[in-house]
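Below: one structure, written as structure tokens.
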Amino acid sequence: MTEADSDASAKADGDTVSAAVSGAVVFDRAKNGSGESAGAVTSSTTWTPPACYYAPKYTPKEIEAQMRQVWSSSAPSNEWIVSSQNYFVNGDPYKDFNKDKTGKGYWWDSYVTEGREADPHAQDCDKEPFWVDTGDAPPADVPQAITAETLAQLAYAEIRVPSTKVDLAPAGTTKVNLPTWAWLDTAKFKPVSVTASVPLLGLSATTTAEPVSLKITPGTGDALTYPASGECEIHDGKIGEPYAKGKAGETPSCGVKYLRSSGNGSYKLQATITWKISWTSTTGQGGDLPNGTFGADQDVVVQEIQAVNR
């Protein structure tokens, strides 16, 4: 499947369907995260967006040209030719490619979600193309037919969020048993969104990701986190609290305390943001999708506190 950006348009002139690809999903990424360090969120559950789906693909004239080419050059067997001709031409169930309905609907067919071509579930959409009249819902027995929620799920896969590098104090090098403060520059972590639409159907859904918490993983078992769970919630738009003079004796609201030196190396501290994912649509439907996570590692050198001999 090929997708276009937000400047794509779609229309049907009776004989041809035009969009970036006929009936393809169009993505508007204008409010998405960007930059070299931005990345896709990973679902916090085993759920993944669909690997394939059905959407408008052909007018009667287009599917006729497609099928006649297959019948003349690459059909797998004579039996298959007879069966498919009965299906599309001879009234079992369609007659003459539904050309009498030109301009009143579309032939729907399967698409594979970009990047999921090798996924075994990409083979789940194996039905013959089927007709849907303009304004009608697709058949109830086709669960992968495009809906507002499907569009929201496809937009989920397109969400990009900024890399998660936390500010630390002390920065880079800290000491054994010294609380290290951690916080995020929340200006870099605003909500992002992607809108997916099928212009031929006048259908679209917007999926939005909003940061809700930061998970600190110290990179060693010889460490304590603040809070103990390592999960720093967002409060008043902030995650963690910047260190300032005079706070040396305080416990950070978000941070880590290493109990052992990193020796000649460093620990890989991992900072992972959890993003709450929700969606709205032109149908009025909406809701939540599984939270997404995205994180990054950073090196932390931990040194012993040197004793002073007097």
Side-chain angles (χ1 to χ4, degrees), residues 1-4 6 8-28 49-71 75 80-113 122-155 195-207 279-287:
M1 182 190 77
T2 302
E3 296 110 359
S6 57
S9 61
K11 64 182 191 309
D13 65 10
D15 288 335
T16 60
V17 173
S18 66
V21 165
S22 359
V25 173
V26 175
F27 293 106
D28 181 348
C52 69
Y53 57 90
Y54 294 96
K57 202 167 193 177
Y58 306 108
T59 64
K61 183 177 181 179
E62 287 174 326
I63 201 164
E64 178 183 21
Q66 170 95 356
M67 294 310 301
R68 293 200 184 283
Q69 181 179 12
V70 172
W71 292 334
W80 182 88
I81 291 176
V82 171
S83 175
S84 60
Q85 286 178 341
N86 287 337
Y87 182 83
F88 288 106
V89 181
N90 299 327
D92 186 19
Y94 302 108
K95 190 166 182 63
D96 196 21
F97 300 100
N98 267 11
K99 283 192 282 190
D100 62 328
K101 289 192 171 185
T102 295
K104 300 177 182 178
Y106 306 103
W107 286 95
W108 289 41
D109 201 1
S110 62
Y111 293 85
V112 174
T113 305
Q123 306 304 315
D124 291 348
C125 299
D126 56 1
K127 286 181 66 71
E128 292 277 10
F130 54 90
W131 180 266
V132 179
D133 286 335
T134 300
D136 284 359
D141 63 347
V142 187
Q144 300 94 345
I146 202 81
T147 62
E149 186 169 6
T150 309
L151 286 173
Q153 293 170 353
L154 293 171
T195 297
S197 62
V198 180
L200 285 171
L201 301 178
L203 182 66
S204 69
T206 298
T207 299
W279 65 281
T280 58
S281 71
T282 51
T283 67
Q285 295 172 295

Minimum side-chain heavy-atom gap I63-D109 below 4.5 Å:
no
Quick one: list whatever passes salt bridge (Lys or Arg N to Asp or Glu O under 4.0 Å) with E64, sequence neighbours left out.
R68, K99
With sequence neighbours left out, the residues meeting side-chain contact (heavy atoms from CB on, under 4.5 Å) with A145 are W108, P138, V142
At what distance, to the nearest 0.5 angstrom, does OG of S281 lie from CD of E149?
9.5 Å
Under the side-chain contact (heavy atoms from CB on, under 4.5 Å) rule, collect the residues that match up with K95, sequence neighbours excluded.
none
Just verifying a value: how many Å separate L151 CG and L201 CG, rounded to the nearest 0.5 Å?
8.5 Å
Exercise: identify the closest heavy-atom pair between F27 and A196
CE2-CB, 3.6 Å
Quick check for you: to the nearest 0.5 Å, what is the distance between Y53 atom OH and I146 atom CD1?
5.5 Å
Qualifying residues under side-chain hydrogen bond (donor to acceptor under 3.5 Å, both in side chains), relative to T147, sequence neighbours excluded:
T150
Using the test side-chain hydrogen bond (donor to acceptor under 3.5 Å, both in side chains), find all partners of W80 that sit at least two apart in sequence or belong to another chain.
none
So does W131 get a backbone contact from the side chain of Y94, meaning a donor-acceptor N/O pair under 3.5 Å?
yes
Does N86 have any side-chain contact (heavy atoms from CB on, under 4.5 Å) partners at least two apart in sequence or in another chain, and if so, which?
V82, N90, D92
Return the set of residues passing side-chain hydrogen bond (donor to acceptor under 3.5 Å, both in side chains) with T195 (not counting sequence neighbours), or none when no residue passes.
T206
I'd like to know if the side chain of T282 and the backbone of L203 have a donor-acceptor N/O pair within less than 3.5 Å.
no
With Y54, the ring pair (Phe, Tyr, Trp, His ring centres under 6.0 Å) member among W107, F130, Y111
F130
Using side-chain heavy atoms (C-beta onward) and a distance below 4.5 Å, is L154 in contact with P50?
yes
When rounded to the nearest 0.5 angstrom, what is the spacing between CG in N98 and CZ in F88?
10.0 Å
Partners passing ring pair (Phe, Tyr, Trp, His ring centres under 6.0 Å) against W279 (at least two apart in sequence or in another chain):
none
Sort and list the pairs that fulfil salt bridge (Lys or Arg N to Asp or Glu O under 4.0 Å) and have at least one residue in residues 125-148, not counting sequence neighbours.
K101-D133
By side-chain hydrogen bond (donor to acceptor under 3.5 Å, both in side chains) - contacts of Q285 (at least two apart):
T283
Going from CD on Q85 to CE on M67, what distance comes out if it is rounded to the nearest 0.5 angstrom?
8.5 Å
I'd like to know if the side chain of T207 reaches the main chain of A152, judged simply by a donor and an acceptor atom lying under 3.5 Å from each other, with no hydrogens or angles considered.
yes
Residue list, side-chain contact (heavy atoms from CB on, under 4.5 Å) with D124, at least two apart or on another chain:
C52, H121, Q144
